Protein chains: 2
Amino acid sequence: MPFEKNASMGFVTNRLARLFAQHLHARIAPLGLAPAQFMTLLELWEGDGLTQAELTDRLDVEQATMANTLARMKRDGLIERTPHPQDRRAQLVWLTDKARSLEQPAKQAAHSVNQLALAGLEGGDAAQVLGHMNAMIESLRDKPG
Amino acid sequence: MPFEKNASMGFVTNRLARLFAQHLHARIAPLGLAPAQFMTLLELWEGDGLTQAELTDRLDVEQATMANTLARMKRDGLIERTPHPQDRRAQLVWLTDKARSLEQPAKQAAHSVNQLALAGLEGGDAAQVLGHMNAMIESLRDKPG
DNA sequence: TCCATCTACATAGCATGCTATCCTCATATA
DNA sequence: TATATGAGGATAGCATGCTATGTAGATGGA
């Protein structure tokens with residue numbers, strides 16, 4: 001039974017991710033946003049008029065997950081969708097004024113959560129951790145099963 | 001808009017946690033286990049006869065989450081529950097033989113996922129990352145909102 | 001032109017997680 | 001002892017994510 005969960009990278013990562021999500025949720029809920037909506041907005045704030053497929057690629061979630069997130073964002077008045085001019089299967093996603101107005105406060109909220117999390121780390125530690133986490137992401141991606 | 005998601009600890013942690021969960025799921029699904037069930041078994045394999053409240057404390061999930069996970073584990077024949085001898089509100093959770101038989105293969109599956117993730121890191125990097133992640137967990141826990 | 005195949009999305013079904021409630025039993029206190 | 005408060009669980013409602021399917025439009029040959 002040489003499996004100590006507190007020394008398991010997967011276990012600890014899961015715990016940390018849930019804590020990040022809880023804190024982010026608490027800070028952006030007053031803005032009317034949920035975490036996955038915020039993540040999607042991060043991409044759209046860089047430029048809207050994207051298709052669902054493009055968002056799916058850039059945010060590394062499954063197509064079905066993105067479809068549901070976009071449906072909730074439309075329901076909540078964060079996006080509008082228009083027919084794709086060249087492809088009748090696709091739609092383009094556009095930000096509403098409401099979504100544009102949330103960019104600064106939402107980014108500030110996310111930034112403050114990151115700052116809180118990093119409060120106990122030394123200067124270069126954060127960059128080092130990010131580098132190693134990205135290395136793990138590379139090792140795990142495109143290797144399902 | 002100085003918010004680069006690939007440099008955001010929360011964003012990267014979320015991505016990595018989902019990858020861990022996907023790989024773990026792929027490897028333990030053949031055993032009839034889901035990730036949260038495996039996590040709960042990790043605690044019960046160390047000693048069963050625990051209450052739901054004790055499991056909730058040790059695994060850092062909400063009470064309602066644990067209630068649902070235990071309901072699915074009972075449905076799947078992984079646990080049995082008996083009345084608490086001193087407290088009529090509580091029940092004790094016991095492993096079935098089936099759950100006991102899964103300890104080695106399930107732990108092996110989780111171990112192999114961790115190994116895959118860590119493949120690109122140097123010797124001491126994993127311990128260092130774990131240390132920093134635990135520091136972030138400490139900074140975020142018990143500070144809801 | 002026709003058909004096989006692919007692609008873009010939608011939907012169904014399920015597991016996790018969380019917050020908010022509610023119920024029951026336990027306990028401390030007036 | 002009567003009552004207020006607390007603790008253990010269950011349940012409802014919702015957001016995320018994933019896999020598996022289904023549908024309609026796009027495309028590349030034969």
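The basis for the numbers below is simple: all heavy atoms, side chains too, and nothing from hydrogens, waters or symmetry mates. Fair warning: this is a prediction, and the values are worked out from it, not measured in the lab. Just so we're on the same page: letters track the sequence lines, and every chain starts at 1.
OP1 and OP2 of dT16(D) both lie 4.0 Å or more from every side-chain N or O belonging to Arg18(B). Side-chain N/O atoms of Arg88(A) include none lying less than 4.0 angstrom from OP1 or OP2 on dA24(D).
As rounded to whole Å, 15 Å separates atom P of dA15(C) from atom CE of Met39(B). Per the geometry, NE2 belonging to His23(B) stands 17 Å off P belonging to dG17(D), to the nearest Å. Here dG17(C) presents its P atom at 14 Å from CG of Leu16(A), a figure rounded to the nearest Å. Counting to the nearest Å, the C1' atom of dT16(D) and the CD atom of Gln37(A) are 11 Å from each other. In this structure, CG of Asn68(A) is placed 15 Å from P of dC14(C), rounded to the nearest angstrom. One can place CD1 of Ile28(B) at 16 Å from P of dC18(D), the figure rounded to the nearest angstrom.
In this structure a side-chain-to-backbone donor-acceptor pair under 3.5 Å is missing from Asn6(B) to Val12(B). For the pair Trp45(B) (side chain) and Ala99(B) (backbone), a donor-acceptor distance under 3.5 Å is present.
Inter-residue side-chain proximity for Leu92(A) and Thr51(A) is flagged as met; some heavy-atom pair is nearer than 4.5 Å. Taking the side chain as every heavy atom from C-beta outward, Leu50(B) and Arg58(B) approach each other to under 4.5 Å.
On a pure distance criterion of 3.5 Å, no polar donor-acceptor pair joins the side chain of Gln91(A) and the base of dA8(C). Side chain Arg89(A) to base dT7(C): a donor-acceptor pair is found below 3.5 Å. Contact annotation: side chain of Arg72(B) to base of dA15(C), donor-acceptor pair absent below 3.5 Å.
Within 4.0 Å (heavy atoms only), Thr56(B) reaches no atom of the nucleic acid at all. Residue contacts shown for Asn14(B) are limited to sugar-phosphate atoms, with no base heavy atom under 4.0 Å away. Backbone-only contact: Ala34(A) has heavy atoms under 4.0 Å from sugar-phosphate atoms and none from a base.
Checked against dC18(C), dG17(D), dC18(D), the side chain of Gln22(A) finds its nearest nucleotide in dC18(C).
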